[in-house]
There are 2 protein chains.
Amino acid sequence: MTEAAPERRYHHGDLRRTLIETALGVMREEQNWQFTLREIARRAGVSHAAPYKHFPDKAALLTALAMIGFDQLRIALIKARSNAGGDPRAALLPMARAYVDFGTDNPALYRLMFGAEGVNRSDVHLSENAIGVLDTVTDVLQRGQSEGAFRRRAVRDQATACWSLLHGITMLSIDGLLLAEKVGLEPLDAAFRTIMEGIANGDENGRMPDVR
Amino acid sequence: MTEAAPERRYHHGDLRRTLIETALGVMREEQNWQFTLREIARRAGVSHAAPYKHFPDKAALLTALAMIGFDQLRIALIKARSNAGGDPRAALLPMARAYVDFGTDNPALYRLMFGAEGVNRSDVHLSENAIGVLDTVTDVLQRGQSEGAFRRRAVRDQATACWSLLHGITMLSIDGLLLAEKVGLEPLDAAFRTIMEGIANGDENGRMPDVR
DNA sequence: AACATATGTTGACACCGCCAACTTTGGGGA
DNA sequence: TCCCCAAAGTTGGCGGTGTCAACATATGTT
């Protein structure tokens, strides 16, 4: 504990970061971003207007949170990919799992990243963080094609399909719409099996790679 | 014009419907549901508290709008399917187009349907309207398999994949994330080509059905 | 005709986002 | 070293919001 006595100094010292972390915490707790800036300020132990010294308005705070989210997601994908060694075919499912897990682990954050009300979307989406997510998928597909594991089709077509599928599954999962009685217990595996048949080449026996 | 003089009567007569239509209109205009209940009331020409005689709170209004959206979407899908005649293979792409078009035509409504803040999701999603959307897709796949046009796989797996893909594309389109330089000019076609290879059987020459 | 009920209105409360004006603090020239 | 100024806090207030309670007026049933 290098934290000294928490005596209240006039200047907080690192309020910007504290606000972000507090907001992230509240979002996790309450599963939404309906929190008020005043509440964040209260929790951070500052006055109701202090946040305005760091963010011009609430949307700016949300935008910052969304960008952090994209960064975390990109890192999670890269990690999953590297865990799979160099094999694109083996990497795809773990990456898919990592993607969906990221979303379901923190639904509010994920939904915030994609089209929250009042957030300046162009800011968030044109960031390198956001573009990096799609690029990560494209990379794997590209390598898979080079190695002959995947069908030779326009990579961007496959990437679009993969990303859309992942985004869709994640969103529908978050919303609780993938009911077990309708889509089974493992919707990701189910969808993955189907799209994998559209991407991968069969092995010498014409069998598709195993999902598990 | 059967509308008589719009003289102001104490009782509006059909306020509930008017509120819904007004809200729908504002949503279209402003591309979000940040509107205030008071504004809806103003536009409807009633006092600021009148809406509370028809909806317990704002979330209830939004929930009603979302349900209407699901109903419209289901109808659009059924229409697209029937336009294609009885051929499941020919129906899939038009249905996909209808789905995405519905979303991009009224982005705020579509996003509202799936997980708006403060809307009671279980209410919306357990409605027959919402479930009907998935069922429409499942039907076509089922028939396609029976006729030998589609691969014999678990229908619910294919349905999950299709719905997720459609939902994903729609959402990403709405958010403006499917940049032409990344995914081409027709992301839906791109993704559709890929997933179609995972669903359809090739024809006698092993070729996939044409996308256009 | 009388009355219960549904539907509208008015006024109020607590709270929010945001702004302006003021205070404290810390750090970089003179 | 001191002074001063910009950065980072504080307080108080404005207009607006969702929601509620109390009241007013239509409507339709008996």
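Convention: sequence-line order gives letters A, B, ...; per-chain numbering from 1. For the numbers below, each heavy atom of this structure counts, side chains included, while hydrogens, waters and symmetry mates do not.
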Parallel, tilted or perpendicular: which one describes the rings of A:Y110 and A:Y99, with boundaries at 30° and 60°? perpendicular
First locate atom CG of A:L19, then atom NE2 of A:H54, and finally report the distance between them rounded to the nearest 0.5 Å.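 The NE2 atom of A:H54 is 6.5 Å from CG of A:L19, to the nearest 0.5 Å.
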Which heavy atom of [X] sits nearest a heavy atom of [Y], and at what distance?
X	Y	result
A:F70	A:V133	CD2-CG2, 4.1 Å
A:R151	A:Q145	O-NE2, 3.1 Å
B:A44	B:L15	CB-CD1, 4.2 Å
A:A76	A:A98	O-CB, 4.1 Å
A:A66	A:M113	O-CG, 3.6 Å
A:R81	A:V140	CD-CG2, 3.4 Å

Terminal axes of the helix from C:dA1-D:dT30 to C:dA30-D:dT1 (5 end pairs apiece), angle rounded to 10 degrees, sit apart by 0°
Take the protein atom [atom1] of [X] and the nucleotide atom [atom2] of [N], then report the distance between them rounded to whole Å.
X	N	atom1	atom2	value
B:R16	C:dT7	CZ	P	10 Å
A:L19	D:dG9	CG	C1'	12 Å
A:H48	C:dC15	NE2	P	14 Å
B:R17	C:dT7	CZ	P	14 Å
A:D57	C:dC19	CG	P	8 Å
B:Y52	C:dA12	OH	C1'	14 Å
B:L62	D:dG18	CG	P	10 Å

In terms of side-chain heavy atoms of B:A49, which of C:dG11, D:dG9, C:dC18 is nearest?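 Taking heavy atoms from C-beta onward, the closest nucleotide is C:dG11.
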With heavy atoms under 4.0 Å as the rule, sort B:H54 into base, sugar-phosphate or nothing.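 Sugar-phosphate only.
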Distances for protein N/O vs nucleotides 22-26 of chain D N/O pairs under 3.5 angstrom?
unit_1	atom_1	unit_2	atom_2	d
D:dA24	N3	B:Y10	OH	3.1
D:dA26	O4'	B:H11	ND1	3.0

B:R193 and B:E197 ion-paired at < 4.0 Å: no
Inspect the contact between B:D87 and B:R143 and indicate whether a charged nitrogen and a carboxylate oxygen are less than 4.0 angstrom apart. no
In a check of side chain to side chain contact (heavy atoms under 4.5 Å, CB included) between A:L77 and each of A:D135, A:T136, A:D139, A:L166, which one passes? A:T136
Residues of residues 31-41 of chain B with any non-hydrogen atom less than 4.0 angstrom from an atom of DNA chain D: list those, numerically ordered, please. B:T36, B:L37, B:R38
Assert: residue with more 5' nearest nucleotide on DNA chain C, out of A:R42 and A:P56, is A:R42
